[in-house]
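Keep in mind it's a predicted model, so treat the numbers as computed, not measured. Naming convention: chains lettered A, B, ... in sequence-line order (proteins, then strands); numbering from 1 in each chain.
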Amino acid sequence: MESQNKIFALVDINNCYVSCERVFNPSLNNQPVIVLSNNDGCAVARSQEAKNLGIKMGVPLFQLKDLVEQHNITVLSSNYALYAEMSRRFIKVLSEFVTPQEQEIYSIDECFLDLTAYASNYDLTAYAHLILDRLLRWLGLPACIGIGRTKTEAKMANHIAKKNSYLKGVCNLVSMDYCSIESLYQTIEVSEVWGVGKKHTEKLNSLSINTVLDFVCASPLMIRNQFSIVMHRTLLELQGISCIEIEQSPKAKKQIIASRSFGQKVYSRDDLKEAITLYVQDAVSRLRSENLLCGCILGFVQSNPFDSSEPFYNKSMSYTLPDPSDNSLLLTKIATTMIDQLYQQNIGFKKCGVILTCLEPKATHIYDLFTDMNKVKSSNQLMDSLDNIQNRFGKKKIGLGASMLPNRNWNMSRNQLTPNYFKWDQLMSVK
DNA sequence: TCTGGGGTCCTAGGACCC
DNA sequence: TCTGGGGTCCTAGGACCC
């Protein structure tokens with residue numbers, strides 16, 4: 001087994017939405033700026049100056065009113081078309097530094113790079129500065145780069161780069177001596193670790209794990225027992241054992257969500273139906289643009305979760321389509337029928353939406369199931385193939401394995417697995 | 001009186017991320 | 001009065017089957 005030492009980098013645009021706005025409006029430079037969410041409800045991006053004023057992520061605008069007036073903060077509605085375009089350019093610039101296999105588009109403003117192959121020919125810190133320089137000169141976007149042995153470590157390094165201006169945007173934990181890392185980790189709260197959220201922070205604190213250093217020194221076995229396998233992986237990653245690989249992007253979506261909060265409470269069934277109809281159109285157009293089919297549709301309605309004077313009403317319904325479809329009329333009909341079921345009088349609805357579970361259309365052709373299987377040479381590869389098939393079919397499980405290879409060993413000739421061997425509905429455990 | 005057990009599938013809910 | 005939207009993954013528990 002190869003267990004090569006890897007080196008990952010995380011490139012992250014600083015204050016992404018605000019930085020994008022500043023490219024086209026330089027008068028915003030050095031000013032406190034916030035960008036709002038869809039309905040202008042709350043702050044989803046803040047400039048450094050705004051962060052310095054104590055404005056937190058996700059705070060509703062009405063709570064910021066005084067601060068905005070007091071400090072003359074510029075408040076902008078979001079312009080997602082602009083951010084998407086800048087993101088596209090950002091990814092393009094990075095693609096000139098690594099091969100496509102070495103680049104993972106993680107989010108609108110973040111890319112992971114696998115720099116393993118460059119370590120022998122380059123000083124990676126200098127290489128990272130080169131990347132930052134080009135992003136700034138070509139796009140006008142400021143960014144930071146963290147470098148580590150694993151993706152989680154690269155994330156941590158990125159955080160350190162952002163918080164310590166003397167690093168000039170690059171933190172390379174791979175080349176840093178352990179004492180320096182230790183003293184840095186001692187000052188960072190465990191909540192900053194990628195994968196450690198609010199709830200886990202509380203629990204970790206109760207176990208006397210408060211800093212990143214505390215966490216890195218914890219026993220993986222104890223963490224596995226107290227938390228889930230995800231947290232276990234996070235710890236191993238911070239200890240330098242790479243568990244999360246670069247993923248070839250873009251990956252096919254597993255679900256598509258379309259939902260909005262209403263500006264005011266909605267009491268009418270027809271209004272809900274009208275809204276859900278729009279969301280289905282939106283979801284289906286995204287479904288088609290990715291060349292996917294919907295296997296299952298879920299509709300949900302909610303009252304206002306912030307209103308403590310009323311119980312929170314939160315209901316959903318799902319329907320598995322007998323045949324995967326991207327027919328918007330059909331899906332709209334199903335969704336509005338669901339609204340009829342979910343609707344209740346005298347409830348002030350604040351939000352509704354649909355979730356489509358996606359399938360890849362070509363997987364509905366039985367022969368495609370076997371293209372992977374025919375290449376299988378080891379049990380690991382078999383598991384991968386099963387995963388692939390399972391992914392294509394959503395969460396339905398497929399009983400291959402024993403039933404597929406009764407009383408035979410793994411060395412059997414693969415071409416005996418002809419498509420005729422199985423019946424369609426034996427493969428899918430769907431009614 | 002003692003009342004199986006292993007497996008699958010589905011759903012709801014929780015936690016995290018940006 | 002006003003509180004985002006779009007995602008992924010994991011787990012517990014119930015129904016059901018043989």
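No cation-pi contact links Lys265(A) to Phe262(A), judged by a cut-off of 6.0 Å to the six-membered ring centre and 45° from its axis. Judged by a 6.0 Å distance limit and a 45° cone about the ring axis, Lys315(A) is not positioned over the six-membered ring of Phe300(A).
A straight line from CD of Glu104(A) to P of dC17(B) spans 16 Å, rounded to a whole angstrom. As a whole-Å value, the separation of Gln302(A) CD from dG6(C) C1' is 14 Å. Between the P atom of dC17(B) and the NE2 atom of His159(A) lies a distance of 13 Å, rounded to the nearest Å. As a whole-Å value, the separation of Leu235(A) CG from dC16(B) C1' is 17 Å. One atom, CD of Gln264(A), and another, C1' of dC2(C), lie 10 Å apart when rounded to the nearest Å. In this entry the distance linking CD of Gln226(A) with C1' of dC10(C) reads 17 Å, nearest Å.
Across all strands, Val193(A) comes closer than 4.0 Å only to sugar-phosphate atoms, never to a base (heavy-atom distances). Counting any heavy atom pair closer than 4.0 Å across all strands shown, Val59(A) reaches no nucleic acid atom. If you check every strand for non-hydrogen atoms under 4.0 Å, Asp40(A) touches nothing. Residue Gln255(A) is classed as a base contact, given a heavy-atom separation below 4.0 Å to a base. Heavy atoms of Ser78(A) sit nowhere under 4.0 angstrom from any nucleic acid atom.
For Asp270(A) and Ser268(A), the side-chain atoms include no donor-acceptor pair closer than 3.5 Å. Residues Ser303(A) and Glu310(A) bring no donor and acceptor atom of their side chains to less than 3.5 Å of each other. Side-chain contact, Asn15(A) with Lys51(A): a donor N or O sits under 3.5 Å from an acceptor N or O.
For Ile256(A), the listed nucleotide lying nearest its side chain is dG7(C); candidates were dG6(C), dG7(C), dC18(B). With dG6(C), dC18(B), dG4(C) as the choices, the nucleotide that has an atom nearest any side-chain atom of Ser259(A) turns out to be dG6(C). For Arg286(A), taking side-chain heavy atoms from C-beta onward, the closest of the listed nucleotides dC18(B), dG7(C), dT3(C) is dG7(C). The Ile229(A) side chain lies nearest to dT11(C) when the options are dT3(C), dT11(C), dC18(B). Closest to the Lys254(A) side chain, of the nucleotides dC9(C), dG5(C), dC18(B), is dC9(C). For Phe62(A), counting side-chain heavy atoms from C-beta on, the closest listed nucleotide (dC2(C), dG4(C), dC18(B)) is dC2(C). The Val44(A) side chain lies nearest to dG4(C) when the options are dT3(C), dC18(B), dG4(C). You'll find that the side chain of Val230(A) is closest to dC10(C), out of dC18(B), dC10(C), dG4(C). Among the nucleotides dG4(C), dT3(C), dC18(B), the one closest to the side chain of Ser261(A) is dG4(C). Among the nucleotides dC16(B), dC18(B), dG4(C), the one closest to the side chain of Lys155(A) is dC18(B).
Phosphate proximity of dG14(B) to Lys199(A): absent, as no side-chain N or O sits under 4.0 Å from OP1 or OP2.
The aromatic rings of Tyr127(A) and Phe97(A) sit perpendicular, their planes meeting at an angle over 60°, well past the 30° parallel limit.
Comparing the P positions of dT3(B) and dC18(C) gives an interatomic distance of 24 Å, to the nearest angstrom.
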